[in-house]
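Below you will find the structure I want to go over with you.
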Amino acid sequence: MKILAVDTSCDESCAAIIDTAQWKLLSDVVHSHVDSMKKFGGIVPEIASREHLKGLPLAVHEALEIAQLKASEIDHYVVTNRPGLIGALLVGLSFTKSLAFATEKPFSTLNHIEAHLFSPLLATLNGQEPPPFPWIACVVSGGHTEIFHVHSLFQYTWLGGTLDDAAGEAFDKVGKLLQLSYPAGPKIDKWVRESATEEHRKRYKFPRAKTEAHTLSFSGLKTAVALQVKKTDLSNLDEVLAIAASAQEAILDAVVEKLIQSQKSLGVPTLVLTGGVACNSRLRQKLPQAHFPIPKHCTDNAAMVALLAGYYAKHDKLIPEPWNTTAYPSLDLAELSTLSGQK
Ligand code: KG4
Ligand code: ZN
């Protein structure tokens, strides 16, 4: 079965095709809107929706071309319809429905966070061994920082997450205060890796919030960085580097500490991280025992959606949905905690 997957939950128009018979990804295309967002210093939902109108047909066309397939040769269409920017999701859902409608093929919707959660299994497409279940898994991105106890495929419990900002959002807000362009996470990572010393990373003791088990908070850190920035001459690049390095250390230490606590309290040896912040080289250094997808599959992509759809299909769970299916902006914790991903 050939499945075409679409993801438009944030500011990347993504399309990918999986062939479940060969268990092979035939294409994996991402059209990023980052350049359009730079001048606004962050994601503007309205702009993201309009960029998807331009970028998604191109991404889907490219995915079909790379796979050397026509739309009529796709057996099933899937799209993430929750959670995410609602305007952005609606563009992806409408486009995917239209493709299914025009080619008289079924379509199904999937949860974007569930797709991130199982993205480490993309390694199996290259014949690699998957991380052994159960996992403590963290989806750590610009929109989410969620911790899960993953028992097996489709079976997982949401344990908790951030009480305010997501870790990626904290990186981006710190970057904005330091006048770095959006998205600041990758820039801070690279700059600190290439130029910072241990002294830079330790110069400022930004707070690591003391919150309940499986929860995180980054609002105090953001305030502490803002106060420090007010006292700092931002033309002094050594000081800017020290603030960036110290803030990165505080964000990552909080994530690492919480995940290790979750592992200990539930007795789970396997740790898995996905989402944009999981690209961070310092985080990977701090958690050498953890499993990370390749960076391309940590940030938003449709390969993870195609893979999840492939698993649903393998287990006879890829149920065609009606034409009046809609999209949902929020993370449905009831779905993630009690339904455990089952439809
Ligand atoms: O998963 P993602 O592409 O989009 C969603 O939010 O769903 O994550 C984007 C976020 C941004 O906040 C970006 O600054 C952050 O991930 N990010 C990083 C790195 N690469 C991306 N943060 C720290 N270090 C990185 N290398
Ligand atoms: Zn995402």
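These values consider heavy atoms only, across backbone and side chains, with no hydrogens, waters or symmetry-generated copies. All ligand and atom numbering here is 1-based and tracks the order in the structure.
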Task: Per-atom contacts of ligand 1 with T299, taking only distances under 4.0 Å to non-hydrogen atoms - done: 1 (O), 3 (O)
Task: Shortest protein heavy-atom distance from atom 24 (N) of ligand 1, along with the residue and atom involved - done: N280 ND2, 3.0 Å
- [ ] Measure up the H151 and H149 rings against each other and bin them: parallel (under 30°), tilted (30 to 60°), perpendicular (over 60°).
- [x]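 Judged by the thresholds at 30° and 60°, the geometry between H151 and H149 is tilted.
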- [ ] Of the side chain and backbone of D300, name the one, both, or neither that has a heavy atom under 4.0 Å from an atom of ligand 1.
- [x] both
Open item on the list: Checking the side chain of S27 only, and the main-chain atoms of A63 only, is there a donor and an acceptor separated by less than 3.5 Å?
Closed with: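 It does hold such a pair.
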- [ ] Check the side chains of T211 and K258 for a donor-acceptor pair under 3.5 angstrom, ignoring hydrogens and angles.
- [x] yes
Open item on the list: Please check whether P183 reaches ligand 1 - meaning an N/O of the residue sits under 3.5 Å from an N/O of the ligand, judged on distance alone.
Closed with: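 No.
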Open item on the list: I need the nearest protein heavy-atom contact for atom 22 (N) of ligand 1: residue, atom name and distance, please.
Closed with: G185 CA, 3.4 Å
- [ ] Show which residues join I294 in its hydrophobic cluster (side-chain heavy-atom contacts under 4.5 Å, direct or indirect), or state none.
- [x]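 Its cluster mates, by chain and number: none.
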Task: H144 near the Zn ion (ligand 2) via N/O/S, less than 2.8 Å - done: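 Under 2.8 Å: H144 has no N, O or S contact with the Zn ion (ligand 2).
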Open item on the list: At a threshold of 2.8 Å, where the distance has to be below it, does the Zn ion (ligand 2) have an N, O or S atom of D300 nearby?
Closed with: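 Checking the Zn ion (ligand 2) against D300, an N, O or S atom does fall under 2.8 Å.
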- [ ] For residues L318 and I3, determine if any side-chain heavy atom of one lies less than 4.5 Å from a side-chain heavy atom of the other.
- [x]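 In contact.
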- [ ] May I ask you to list the atoms of ligand 1 that are less than 4.0 angstrom from any heavy atom of G143?
- [x] 6 (O)
Task: Minimum heavy-atom distance I86-P329, with the two atoms named - done: CD1-CD, 3.8 Å
TODO: Could you list which atoms of ligand 1 come closer than 4.0 Å to a heavy atom of S141?
DONE: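 Answer, ordered by atom number: 1 (O), 5 (C), 6 (O), 7 (O), 8 (O).
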Task: Closest to atom 26 (N) of ligand 1 (judged by heavy-atom distance), picking from V140, D172, D189 - done: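 Considering heavy atoms of V140, D172, D189, the nearest to atom 26 (N) of ligand 1 sits in D189.
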Task: Within-4.5 Å side-chain heavy-atom neighbours: M304 and H116 - done: yes
- [ ] Establish, yes or no, whether a centroid distance under 6.0 Å links the rings of F118 and Y156.
- [x]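 Close enough - the centres of the two rings lie under 6.0 Å apart.
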Open item on the list: I'd like to know: is the Zn ion (ligand 2) within the 2.8 Å range of an N/O/S atom from H112, strictly under that distance?
Closed with: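 It does: H112 brings an N, O or S atom closer than 2.8 Å to the Zn ion (ligand 2).
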Open item on the list: Restricting to N, O or S atoms, which atom of H116 is closest to the Zn ion (ligand 2)?
Closed with: NE2
Open item on the list: Counting only heavy atoms closer than 4.0 Å, does ligand 1 sit against the backbone of C10, its side chain, both, or neither?
Closed with: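 For C10, no heavy atom sits under 4.0 Å from ligand 1.
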- [ ] Provide the number and element of each atom of ligand 1 under 4.0 Å from a heavy atom of G168.
- [x]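 So the answer, numbered in order with elements, is 12 (O).
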Open item on the list: Tell me whether E249 is salt-bridged to K286, with the criterion being a basic N under 4.0 Å from an acidic carboxylate O.
Closed with: yes
Task: Salt-bridge contact R203-D238 (side-chain N to carboxylate O under 4.0 Å) - done: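 Yes, this pair counts.
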Task: Polar proximity ligand 1 side, G276 side, N/O cut 3.5 Å exclusive - done: yes
- [ ] Determine, for K222 against D164, whether the closest basic-nitrogen to carboxylate-oxygen distance falls under 4.0 angstrom.
- [x] no
- [ ] Before signing off on this row, confirm whether G275 and ligand 1 have an N or O atom pair separated by under 3.5 Å.
- [x]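 The answer is no, given that G275 and ligand 1 share no N or O pair closer than 3.5 Å.
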Open item on the list: I need the nearest protein heavy-atom contact for atom 9 (C) of ligand 1: residue, atom name and distance, please.
Closed with: G142 N, 3.8 Å
Open item on the list: Any nitrogen or oxygen of A184, side chain or backbone, less than 3.5 Å from one on ligand 1?
Closed with: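 For ligand 1, there is no N or O atom that lies under 3.5 Å from one belonging to A184.
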